[in-house]
Amino acid sequence: MSIFRSLRHYNYRLFFTGQAISLIGTWMQRVAISWLVYRLTGSAFLLGLITFLSLIPSLVLAPYAGSYVDRHNKYKILVITQVILMLQAGALALMIWFKVYDMFWIAALSLVQGLVNAFDVTARQSLMVNLIDDKEDLPNAIALNSSMFNAARLIGPALAGVILSTLGEDICFLINFVSFIAVLGCMVMMKLKLAAHQKSKENIWIDLKKGLRLS
């Protein structure tokens, strides 16, 4: 069978296309913000702090995010997180365009990205099963999704390096902002039939504790 067979599913094809474009923009932004911080401050500590702020929320909030996503509409959560990430990229682009080099706001926006990513990644992964009509193609879809993520990790930084050396950091942030138009457009065109959610009557923290005990 074709290694791209899961792309025959309309919803997954849209998801794959939008995410591929958006992830390249995301990796461009990650490289650009690291370059910007070190160029302005020359501080390895601040560089590490900004990176830490963008990553640590996912580690801390991932279990809670999983419980939250299971209780709510995954599609709506993904749309909301993508919009917030788009606004975050736009804010960075405007700051650098107007030369507002404020480390506090750069750190705050990095923290926002980390917080939102904790829910975005969880919703994106859990929505996958709803994008494939033939469940036999689900393993292929997951494999393609992983390949797309790793390809973006190669392409994004490479493009960022070229753009940083010629046009500047603000263009990288602007490209990431524009890339979200693709993913949001693809999501709007999806034709999903999501089952109605039966929310748990128990407190979300109780469900989370049960899950941790079972693991």
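Values in this document were obtained by computation on a predicted structure and should not be read as measured data.
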Same cluster (ILVMFWY, side-chain, under 4.5 Å), [X] and [Y]:
| X | Y | result |
| --- | --- | --- |
| W35 | L174 | no |
| M128 | V121 | no |
| L127 | L7 | yes |
| L53 | L55 | no |
| V79 | I84 | yes |

| Going by the salt bridge (Lys or Arg N to Asp or Glu O under 4.0 Å) test, which pairs reach into residues 113-134, not counting sequence neighbours? | R8-D134, D120-R124
| task | Any salt bridge (Lys or Arg N to Asp or Glu O under 4.0 Å) involving residues 39-68? Give me the pairs, sequence neighbours left out, ordered by first then second residue. | result | R39-E169
| query | Considering residues, nucleotides and ligands other than F149, do more than 12 of their heavy atoms fall under 6.0 Å from its CZ? | reply | yes
Using modelled atom types and a 3.5 Å cut-off, is there a donor and acceptor pairing between side-chain atoms of [X] and backbone atoms of [Y]?
| X | Y | answer |
| --- | --- | --- |
| S22 | Q19 | no |
| T81 | L78 | yes |
| K135 | V129 | yes |
| N140 | I3 | yes |

| message | Set out, in order, the CA-CA distance, both residues' side-chain angles and the distance that settles side-chain contact (heavy atoms from CB on, under 4.5 Å) for F177 and Q29, then state yes or no. | response | CA-CA 9 Å; F177 173 81; Q29 176 172 298; over 6 Å; no
| Pair I96-Y101, side-chain contact (heavy atoms from CB on, under 4.5 Å): steps then yes or no | CA-CA 7 Å; I96 307 310; Y101 301 128; 4.0 Å; yes
| said: Other members of the hydrophobic cluster containing M28, with the 4.5 Å side-chain heavy-atom rule, please. | reply: I24, I155, L159, I163, L167, I171, I175
Which heavy atom in [X] sits nearest to a heavy atom in [Y], and how many Å separate them?
| X | Y | value |
| --- | --- | --- |
| P57 | A118 | O-CB, 4.0 Å |
| P157 | W27 | CD-CB, 3.9 Å |
| M95 | D102 | CE-O, 4.0 Å |
| F180 | L85 | CZ-CB, 3.6 Å |
| N11 | K191 | OD1-N, 2.8 Å |
| I50 | V37 | CG1-CG2, 3.9 Å |

| query | Of the options N145, L138, L144, which is the one that meets I142 in a side-chain contact (heavy atoms from CB on, under 4.5 Å)? | reply | L138
For residues 107-117, which side-chain donor-acceptor pairs fall under 3.5 Å, sequence neighbours excluded?
{"from": "S110", "atom 1": "OG", "to": "I106", "atom 2": "O", "distance (Å)": "2.9"}
{"from": "N117", "atom 1": "ND2", "to": "Q113", "atom 2": "O", "distance (Å)": "3.3"}

| Which of parallel (below 30°), tilted (30 to 60°) and perpendicular (above 60°) describes F16 and Y12? | tilted
Flag the pair [X] / [Y] as yes when at least one side-chain heavy-atom distance between them is below 4.5 Å, and no otherwise.
| X | Y | result |
| --- | --- | --- |
| F173 | L36 | yes |
| L40 | M103 | yes |
| C172 | L164 | yes |

| Partners passing side chain to side chain contact (heavy atoms under 4.5 Å, CB included) against N150 (at least two apart in sequence or in another chain) | R153
| task | Taking salt bridge (charged side-chain N to carboxylate O under 4.0 Å, His left out) as the test, write out the residues that go with R30, two or more places apart. | result | none
